[in-house]
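Computed from a predicted model, the values in this text were never measured in an experiment.
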Amino acid sequence: MSLNYIKNFYEGCMKPPTVIGQFHTLFFGSVRMFFLGVLGFAVYGNEALHFSCDPDKREINLICYNQFRPITPQVFWALQLVIVLVPGAIFHLYAACKSINQECILQKPIYTVIYILSVLLRISLEVVAFWLQIHLFGFQVKPLYLCDAVSLRKKFTTIRCMVPEHFEKTIFLIAMYTFTVITIVLCVAEIFEIIFRRLCFLIKQ
């Protein structure tokens, strides 16, 4: 019985009840995760090692880098991907435990409403992540970062630090913003598809 639950849960996550939902899963699972996992590591993997300040000392570089990156972009985007997946995963786990197939989701009003609420929650989480990304990283990575050196008790109040591969990071930021917007648009379109298919089902009855 437990294997059947796992099978239903896996099928529900991999094949949502809507066409747009299936495309969203493909886009989210393959393109977005591949982009972050492969290219994200290539762009940000050695950033801390190549981040250098003047004077170039390990202590200064470390403290200034922690100011520059309160959280690394890879960690932030990985958390975003996991958190955004939670509403859908919870719904499909519930559907698997109740043995609800994909057609029932669009035929029974209560399941349709719950599914729409999970999609709305997914949209809300994406919007919050979008706002946090703007707050943390902005839209552009500048080649020079001015570090506040007061905590170092040095004669310098401001230390100039060089940000490696700043142009590549700017391109990557824009790409991640674009992926978030595409995901939000797909989620909104999925809600419209659900409503449309629900209306068609009611008309046929």
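The same ILVMFWY cluster, assembled from side-chain heavy atoms under 4.5 Å apart, contains both Ile71 and Leu132. Residues Ile194 and Leu199 are members of one and the same hydrophobic cluster, defined by side-chain heavy-atom contacts under 4.5 angstrom among Ile, Leu, Val, Met, Phe, Trp and Tyr. Under the 4.5 Å side-chain contact rule for hydrophobic residues, Val75 and Trp131 share a cluster. Put simply, Leu62 and Phe68 are part of two different groups of oily side chains (I, L, V, M, F, W, Y) that touch within less than 4.5 Å, one to the next. No single ILVMFWY cluster, assembled from side-chain heavy atoms under 4.5 Å apart, contains both Ile171 and Trp77.
Taking CD1 of Ile90 as the start and CG of Leu121 as the end, the distance is 8.0 Å to the nearest 0.5 Å. In this structure, NE2 on His166 lies 7.5 Å from OG1 on Thr170, to the nearest 0.5 angstrom. To the nearest 0.5 angstrom, Phe137 atom CZ is 11.0 Å from Phe172 atom CZ. Distance check: Tyr111 OH to Ile116 CD1 gives 15.5 Å after rounding to the nearest 0.5 Å. Atom CD of Gln80 sits about 8.0 Å away from atom OG1 of Thr183, to the nearest 0.5 Å.
Scored by the side chain to side chain contact (heavy atoms under 4.5 Å, CB included) test, Val185 finds Val181 as partners (sequence neighbours excluded). For Leu144, the side chain to side chain contact (heavy atoms under 4.5 Å, CB included) partners are Leu146, Arg160, Met162, not counting sequence neighbours.
Remark: side-chain polar atoms of Gln67 are paired, donor with acceptor, to backbone N or O of Asp148 under 3.5 angstrom. The backbone N or O of Ser52 sits nowhere less than 3.5 Å from a side-chain atom of Asn61 that would complete a donor-acceptor pair. The backbone N or O of Val163 lies less than 3.5 Å from no partner atom in the side chain of Lys142, so there is not a single donor-acceptor pair.
Contact annotation: the side chain of Gln133 approaches that of Leu173 to within less than 4.5 Å [non-hydrogen atoms, C-beta and beyond].
Between Cys147 and Cys161 the SG-SG gap reaches or exceeds 2.5 angstrom.
Few gaps surround CZ on Phe139; more than 12 heavy atoms of other groups in view lie less than 6.0 Å from it.
Tyr115 pairs with exactly one of Leu117, Val119, Thr112 by the side chain to side chain contact (heavy atoms under 4.5 Å, CB included) rule, that one being Val119. Among Ile184, Leu186, Thr180, the single residue meeting the side chain to side chain contact (heavy atoms under 4.5 Å, CB included) criterion with Ile182 is Leu186.
Considering every non-hydrogen atom in both Ser118 and Pro87, the closest pair reads O-CB, 3.6 Å. Counting all heavy atoms, side chain and backbone alike, Ile191 lies closest to Leu120 at CD1-CD2, 3.4 Å.
Note on ring orientation: taking the six-membered ring where Trp is involved, the planes of Tyr65 and Phe51 are perpendicular (angle over 60°, cut-offs 30° and 60°).
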